[in-house]
Amino acid sequence: MAASTTVASNTPRPALPARSVWRRILSGDSLAYSVTFAAAAMILLVTGILVWELYSNSQASRAKFGWNFLFTSTWDPVADQFGALPFIYGTVVTSALALCIGIPLGVGAAIFLAELAPPRISDALTFLIELLAAVPSVIYGLLGIFVLVPILRQVEPAIRAVLGWTPLFQGPFYGVSLFAAGVVLAVMIIPFIISISREVILAVPSDQREAALALGATRWESTWDVVVPYARNGIMGSIFLALARSLGETMAVTMVIGNDPKIKASLFAPGYSIAAVVANEFTEATGDMYISALIELGLVLFALTIVINGLARLLVARRNMA
Amino acid sequence: MSPSLHLLRRKAVNIVMLTLTGLCTLIAAGTLVFILGYLFIHGAKSLSWNFFTQLPTPVGETGGGMANAIVGSAKLLLIASLVGVPIGFLGGVYLAEFGGSKFSFVVRYVTDLLNGVPSIVIGIFAYTVIVLPQRHFSTLAGGLALGVMMIPIAVRSSEEFLRAVPVSLREGAMALGASKSQAILTVVIPAAKNGIITGIMLNLARVAGETAPLLFTSFSNRYWSPGWEQPIAALPVMIFTYAISPYEDWHEQAWSAGFVLLTLVLMVNIAARLLLSKRKHVAR
């Protein structure tokens, strides 16, 4: 208040145009605009430098291996021979497994929380589940090593008895494996799927439910045949966001995947993921080609998550427009 | 199939599927209870006062603590906030108050993009920008990595809370003769202050648990790290190193560190969420 009256009383128009520009800057509007604009531009700059650094520092590796980098599976730092296929395979397989476990559980829980549970219980449970998303990934890794892996060793014979005939569950099982990594990732992405899917299901107009129920549908039929299709894009968006997160997840995976750069069909076999190899080998990497190859892995991971995130945004945005 | 059988089948499907969704919720919520319960019981058991006051002991010697890692995490978070908060907050002010142009669309888009970048890739970025030219790991590099991770969320939460301030407040300020910047500085930002600070606390809690970007930027250190130019220990990195080590004693220490880290992160999260939800109810 005091400030505004002083401004109002000291505004004799300055004669010189140069001074008036100066005055305008001092009055703050242009200054505030420039400062905040600079901060916004800074965000673009940082992201630009990030992309450039990834690109230029992987130059040596890209020049030497070309696209073969993505399709060969020799990872031999001694011979300076690098192929990323085992890591891409491990990343994709663990994320796919995480989705196989996470989608039914996550969407199921979201349906329950949005459609069935009384609002108070729903809010309380959602609060709890969203806290799961705040748990640091290294803690998931810690629990993965010391709790999940021993449990998996216990239940392994049961899994083998039921699914052992498939190539996915064969060979020796040491605990640390693609399977363990997939389960840890599933636990990590479920909160994301639940919290976003619940929001989109809650946003479905109640006319839709009421119309279905009035036509004689059961509660489940109105939910599954009417509400869920209505919210489909949003739910798909939540799944893509979860996928992007699991592709880039580092610590928890590194701690339980087994760190073995081989491509095996069995989920019981140890594997390796892109993020895990960067985390493990970056500080030990000697030689420019080695570093360059690891940075190119970072570039691959970056490109992968950008595409998946873009798809997610597209789906969620389309829902908002509808 | 007779009509009544058909109806029975539909009702059975109804009950089975609804029960299954309940079961899904139970599993998801049960996981949390299990994780927290296990960590609290196991972590609290091996926690001692030494953990907060002692340096790590050499391999083979039991005892010791992680005082240096606790201070290290705090130092890293300080640099991270110096990098992330000003850029994020001012960027948020731009989007909320001066936005609307094509440029702000681009800024929002790129912010989302940056938010989706995996933390390990941010680590590579900080490595190439600071560690590579300097030829050594440093606190600064780790802080920068965490700071960059803070930017997108800081932008988003600042913009959201500034936008939640009613237009009538701005109009009132301007009607009293305030310029746009005065209105923003003296009316809008104070009104959004609590929300923005809560957002920053949540943001800090998130990066406090980040491990991947620190592995090859701030590296680790078994001693105190004076100044800002040396490798430094951080709690999450210590948890990782100790958990994958072959020593029983180190595993216990990893549990203690996990307990301390998770307690801090969850306390901030619970406090922030309670504050925000209270605010929302008042607004309604």
Side-chain angles (χ1 to χ4, degrees), chain A residues 3-4 7-8 27-29 32-33 35-37 39-40 42-44 46-47 50 53-54 57 105 108-109 111-113 116 125 127-129 131-132 134-136 138-139 141-143 145 147 187 190 194 218-220 244 248 250-251 255 275 278-279 282-283 295 298 301-302 305-306 309 313, chain B residues 10-11 13-14 17-18 20-22 24-25 27-29 31-32 35 38 87 90-91 93-94 98 107 110-114 116-121 124-125 128-129 148 151 155 176-182 184 205 209 211-212 215-216 236 239-240 243-244 254 258 261-262 265-266 269 273:
Chain A
S4 60
V7 166
S27 90
D29 278 9
Y33 181 83
V35 169
T36 56
F37 180 87
M42 193 73 184
I43 299 168
L44 302 190
V46 167
T47 314
L50 190 150
E53 290 287 344
L54 286 178
N57 283 295
L105 275 175
I111 290 175
F112 179 82
L113 291 171
L116 294 170
L125 281 176
F127 181 87
L128 269 179
I129 288 167
L131 279 186
L132 267 177
V135 175
V138 71
I139 302 239
L142 187 67
L143 288 155
I145 291 185
V147 183
V187 175
I190 284 174
I194 293 181
T218 61
R219 192 75 178 267
W220 171 251
T250 311
M251 300 322 296
M255 290 160 90
V278 176
F282 211 93
T283 46
I295 294 178
L301 191 60
F302 176 80
T305 46
I306 292 308
N309 265 312
R313 304 267 166 227
Chain B
R10 285 176 54 206
K11 283 191 167 163
V13 167
N14 183 39
M17 295 312 284
L18 293 184
L20 277 181
T21 62
C24 292
T25 316
I27 294 175
T31 315
L32 177 86
I35 289 179
Y38 195 93
I87 298 181
L90 291 173
V93 173
Y94 177 82
F98 301 102
V107 171
V110 170
T111 309
D112 274 351
L113 196 149
L114 190 59
V117 175
S119 56
I120 187 108
V121 174
I124 297 181
F125 162 69
T128 57
V129 172
V148 171
I151 292 175
V155 172
L176 288 170
S179 67
K180 187 166 184 180
S181 56
Q182 283 170 331
I184 295 172
T211 317
L215 289 174
F216 37 83
I239 297 176
F240 174 60
I244 60 170
L261 181 65
L262 190 66
V265 168
L266 288 188
N269 266 278
R273 273 158 210 271

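Proteins get letters first, then strands, A, B, ... in listed order; numbering begins at 1 in each.
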**Asked** Checking A:Leu131 against chain B: side chain, backbone, both or neither under 4.5 Å from a heavy atom?
**Response** both

**Request:** Over all heavy atoms of both residues, which pair between A:Met255 and B:Ala243 is shortest? Give the atoms and the distance, please.
**Result:** CE-CB, 3.6 Å

**Which portion of A:Ala244 sits near chain B, non-hydrogen atoms under 4.5 angstrom** = neither

**Prompt:** Of the backbone (N, CA, C, O) and the side chain (C-beta and beyond), which part of B:Phe216 lies under 4.5 Å from a heavy atom of chain A, both, or neither?
**Reply:** both

**Request:** Check each atom of B:Leu113 against the heavy atoms of chain A and say whether the ones under 4.5 Å are side chain, backbone, both or neither.
**Result:** both

**Complete:** For A:Val138 and B:Pro236, the nearest pair of non-hydrogen atoms, with its separation, is CG2-O, 3.6 Å

**Prompt:** Measuring from A:Ile129:CD1 to B:Thr31:OG1, what's the distance to the nearest 0.5 Å?
**Reply:** 8.5 Å

**Request:** Evaluate the ring planes of B:Phe98 and A:Tyr33, with Trp represented by its six-membered ring, and classify them as parallel (under 30°), tilted (30 to 60°) or perpendicular (over 60°).
**Result:** perpendicular

**Message:** So for B:Ala205, is it side chain, backbone, both, or neither that comes closer than 4.5 Å to the heavy atoms of chain A?
**Reply:** neither

**Message:** Working note: B:Tyr38 + A:Val147, criterion side-chain contact (heavy atoms from CB on, under 4.5 Å); need CA distance, chi angles, decisive distance, verdict.
**Reply:** CA-CA 9 Å; B:Tyr38 195 93; A:Val147 183; 3.4 Å; yes

**Side chain / backbone / both / neither for A:Val187 at chain B, heavy atoms under 4.5 Å** = side chain

**Fill in**
If one checks every heavy atom of A:Leu125 against chain B at 4.5 Å, the contacting part turns out to be side chain

**Request:** Using non-hydrogen atoms and a 4.5 Å limit, figure out which bit of A:Leu54 sits close to chain B: side chain, backbone, both or neither.
**Result:** side chain

**Message:** Do B:Leu114 and A:Leu50 make a side-chain contact, defined as non-hydrogen atoms from C-beta onward lying under 4.5 Å apart?
**Reply:** yes

**Request:** May I ask you to name which of B:Val129, B:Asn269, B:Ile239 has the most heavy-atom pairs under 4.5 Å with chain A?
**Result:** B:Ile239

**Request:** Report the option among A:Ile190, A:Leu142, A:Val135 that has the most heavy-atom pairs separated by less than 4.5 Å from atoms of chain B.
**Result:** A:Leu142

**Complete:** Counting heavy-atom pairs under 4.5 Å with chain A, the top scorer among B:Val155, B:Asn14, B:Val117 is B:Asn14

**Message:** With a 4.5 angstrom heavy-atom cut-off, is it the side chain or the backbone of B:Val148 that approaches chain A, or both, or neither?
**Reply:** side chain

**Item:** From A:Leu132 atom CG to B:Leu266 atom CG, the distance as rounded to the nearest 0.5 Å
**Value:** 9.0 Å

**Message:** Restricting to non-hydrogen atoms, name the atom on B:Val265 and the atom on A:Pro136 that form the minimum distance, rounded to 0.1 Å.
**Reply:** CG2-CG, 4.2 Å

**Item:** Closest non-hydrogen atom pair, A:Ala39 against B:Leu90
**Value:** CB-CB, 3.4 Å

**Prompt:** Pick from B:Ile124, B:Leu215, B:Ile27, B:Val110: which one has the most heavy-atom pairs with chain A under 4.5 Å?
**Reply:** B:Ile124

**Fill in**
Turns out that what part of A:Thr218 lies under 4.5 Å from chain B's heavy atoms comes down to both

**Contacts of A:Thr305 that satisfy side-chain hydrogen bond (donor to acceptor under 3.5 Å, both in side chains) - sequence neighbours left out** = none

**Asked** If you count heavy-atom pairs under 4.5 Å with chain B, which of A:Val46, A:Ile111, A:Val278 comes out on top?
**Response** A:Val278

**Request:** Could you tell me which portion of A:Leu128 (side chain, backbone, both or neither) has an atom closer than 4.5 angstrom to a non-hydrogen atom of chain B?
**Result:** both

**Message:** Going by side-chain hydrogen bond (donor to acceptor under 3.5 Å, both in side chains), name the residues that satisfy it together with B:Thr21, two or more places apart in sequence or in a different chain.
**Reply:** none

**Item:** Structural part of A:Leu105 lying under 4.5 Å from a heavy atom of chain B
**Value:** both

**Item:** Shortest non-hydrogen separation from B:Tyr94 to A:Ala40 and the atoms involved
**Value:** CD2-CB, 3.8 Å

**Contact class of B:Leu18 relative to chain A, heavy atoms under 4.5 angstrom** = both

**Fill in**
Closest heavy-atom pair, A:Ile43 versus B:Gly91, reported as atoms and distance to 0.1 Å, is CD1-CA, 4.5 Å

**Request:** Considering only heavy atoms and a distance below 4.5 Å, find which of B:Ile184, B:Val13, B:Leu261 pairs most often with chain A.
**Result:** B:Leu261

